[in-house]
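To start, the structure itself, in structure tokens.
Chain A is the first sequence line, chain B the second, and so forth, proteins listed ahead of strands; every chain is numbered from 1.
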2 protein chains.
Amino acid sequence: MEAPAARSEGPAGESGPALAPGSTSSARKHKVCVIGSGNWGTTVAKLVAENTGEHPELFERDVQMWVYEEQVELDGQKHKLTEVINTRHENVKYLGGITLPPNVIANPSLQDTVKDASIIIFNFPHEFISNICKQLQGHVLPYARGISCIKGVTVTDDKIELICEYIGETLGIYCGALSGANIASEIANEEWCETTIAYNVPEGDVQTATTTTTTTTTTTTNGTSSPATNGTAKTPPSKTTLVPVPQTYVPLDHTTISSLFSRPYFTVSMVSDVVGVSLGGALKNIVALACGFVEGNGWNQTAKTAVMRRGMLEIIAFARAFFPDAIDPKTLWEESAGWGDMIVSCTSARNWRYSKMAVERGVSVQEIERTELNGQKLQGISTTREVASFLRAKGVEEQYPLFMAVDGILDQKVKVEDIPKLFRK
Amino acid sequence: MEAPAARSEGPAGESGPALAPGSTSSARKHKVCVIGSGNWGTTVAKLVAENTGEHPELFERDVQMWVYEEQVELDGQKHKLTEVINTRHENVKYLGGITLPPNVIANPSLQDTVKDASIIIFNFPHEFISNICKQLQGHVLPYARGISCIKGVTVTDDKIELICEYIGETLGIYCGALSGANIASEIANEEWCETTIAYNVPEGDVQTATTTTTTTTTTTTNGTSSPATNGTAKTPPSKTTLVPVPQTYVPLDHTTISSLFSRPYFTVSMVSDVVGVSLGGALKNIVALACGFVEGNGWNQTAKTAVMRRGMLEIIAFARAFFPDAIDPKTLWEESAGWGDMIVSCTSARNWRYSKMAVERGVSVQEIERTELNGQKLQGISTTREVASFLRAKGVEEQYPLFMAVDGILDQKVKVEDIPKLFRK
């Protein structure tokens, strides 16, 4: 059995030589950690650790991965999951069969995982967000930067908040978002796909010379770039006053973040539109439920596609209505986090599959959730409930006929076959 | 057997009372005809005839449908196809099993079909366009207006022309375009779907008071409307000098055209962007071939979706490069003729199906075209050839890596598994 990988050496001293802005030679490397170790969390830890290994000029080699400690049975004996991961280099519980690079270091302590980390990747189920952020408060570097891989928004009757905004405000840091047409098990197997990362470089942070202007530019890895709609992609990173990343560090910009996540099997497109990436990832689940409903009802692909299109129009309308200064609709129109994620979610993912099954069996999707999901939740159901309640509170539900129809179907007040009528008032 | 339906009564006299612009009471009705009677042509004739029957204030009841005359065997005897259609109200050859309204009148004469028609719908295979237009020259009303349901463009080494532009210029009339995520047999069976009609009302034509400004407005049937990007949707309808539709007629605008095509099972979205609708319908076939290739090669849905997204970006780039003053990219982003058609074409239509089959069987798609299509052609192959040749002539092929890769795969110079590399230069 291979020896456990060495722990990270710790960051270079804060007192290192000051460097000219934009210079990377001898600049302080970023220390990266991942909070979460489910199948998606472990997959992302694997790919970023591959990159920290390949880019020693940008990143420290080791990637701490926080693991909620539990006992796993292996070879007839009980073991701590962290120990199994650090000796076998495999997350036998949540990503069995995939060998992790030895520089993924499982760590059962949240606080120790984030210690000295300048880049924190958040990747765990939505419902733990409040508890985990509370435990992290006061333990992250004041200039740390986050990337949330958690899809979703937090909607209450009169307030909507992006997950990455919540993280940023709770921890006093800036946090971007990663979302796209991604399926963890496929990426773990290194099957090619694309993703979108939204990161609106905070004003005080140094950027490399060539990318100084990327905060208002949509850059893609296929060599093209297109200007974002002027001024629309300006999300205030956080309402707190941000501490800039020290100039001693490698500049933390689109180029550096792309280097951390891009793999030959994982093509990254960088944008600045955190709102579009976050809302696309969250609201498409409502549309996926709708598509499962109509397809289960025997509708053909053209009708289902029409439902997807109406859903996308409502997502764009929602983004414009409630984030008017921060949305760049090109993200939803052109990025993997927009139409790409919509298509995959409505043709081959969970919310679609189980709502289709519900109609085929003549039961509610809530019943399918109880009987088929082994205690897991269908994100689309709670998102639909929260968004419908929010729209009612705002008095604008008639502007979102598809979202409201899905809510009505969940309540058995609307019939699936009435969907075309909703579009022809 | 039902008696043949009466022929059209002919248009009201040209000398009818002059009406105030925008008024429809007692205004002269539009006479509608359809050129083409394959399964899509007959389907469209069916739905417009349903509408001319229901809107006697806007349209003459009868819809002439040009039928390329042929003999069909029925009950052991040979009959003319036009006579069968006019007695049985069924196109037994191309749309069997579907009852047509009795006011669809099959007509074997092209010239007689268009006689006095103010609205001409073009719906036949691409390859007959030149011949049919030649036969129609000098026989259409000088103020007739067209809608082309023929998807495609005509590309030669140094010139690209939209089908509707070609029709308009050849006949000296204005011609719009209909395209969307549509499958003829489903619409014939009245299964719900959506479409997009691009019609840029010519400046001299009268519009109804409420829609006077629709030439620069995208109107959708779900009650929302959004302004098109200022100035970008202005296509010169034709290089010829247009004769305006006489003011004695019902105004021929988005409202009237929508009334002609909208059915409870067919939701119409009106736009002014003829370029987007035409290019979306034509170029998506290149992408559909690419999706069949990668899916046949065992790629998963996320990878296929990434190929669709890259394809859409290349279509938008193509439209912007070669129709810079006439494209409104919102059509491709938001309309059925854009992403909607792309999705259906890449998941359930012919070009995708046969290119997938080719890779699965280890033969070229040209071989599949020869052995499986019973003499029909795969539109995607010729479109790819023409577009690739055009891009080479313009010296910009490196800006369209997916289009050129499909061309390379057709030539067996590029391997399917190299597609991700093409996106990561």
Does any heavy atom of chain B fall under 4.5 Å from the side chain of [X], the backbone, both, or neither of them?
{"X": "A:L332", "answer": "neither"}
{"X": "A:S348", "answer": "side chain"}
{"X": "A:T302", "answer": "both"}

field: Distance-minimising heavy-atom pair for A:N300 and B:W192
entry: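 What the structure gives for the nearest pair is OD1-O, 4.4 Å.
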Among B:G340, B:A306, B:C193, residue most engaged with chain A (heavy-atom pairs, under 4.5 Å):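 Greatest number of close heavy-atom pairs with chain A: B:A306.
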query: Between B:E186, B:K304, B:M312, which shows the greatest number of heavy-atom pairs under 4.5 Å with chain A?
result: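 So the answer, after comparing B:E186, B:K304, B:M312, is B:E186.
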message: Please check this pair: side chain of B:R309 against backbone of A:E334, looking for a donor-acceptor N/O pair closer than 3.5 Å.
response: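 Yes; judged by distance alone, with no hydrogens or angles, the pair exists.
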message: Donor-acceptor pair, distance only, cut-off 3.5 Å: does the side chain of B:W333 make one with the backbone of A:P329?
response: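 Judged by distance alone, no pair lies under 3.5 Å.
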message: Heavy-atom pairs under 4.5 Å with chain B - which of A:T347, A:I316, A:I343 has more of them than the others?
response: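 The residue among A:T347, A:I316, A:I343 with the greatest pair count is A:I343.
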- prompt: Rounded to the nearest 0.5 Å, how far apart are OG of B:S336 and CZ of A:R310?
  reply: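 The distance works out to 9.0 Å.
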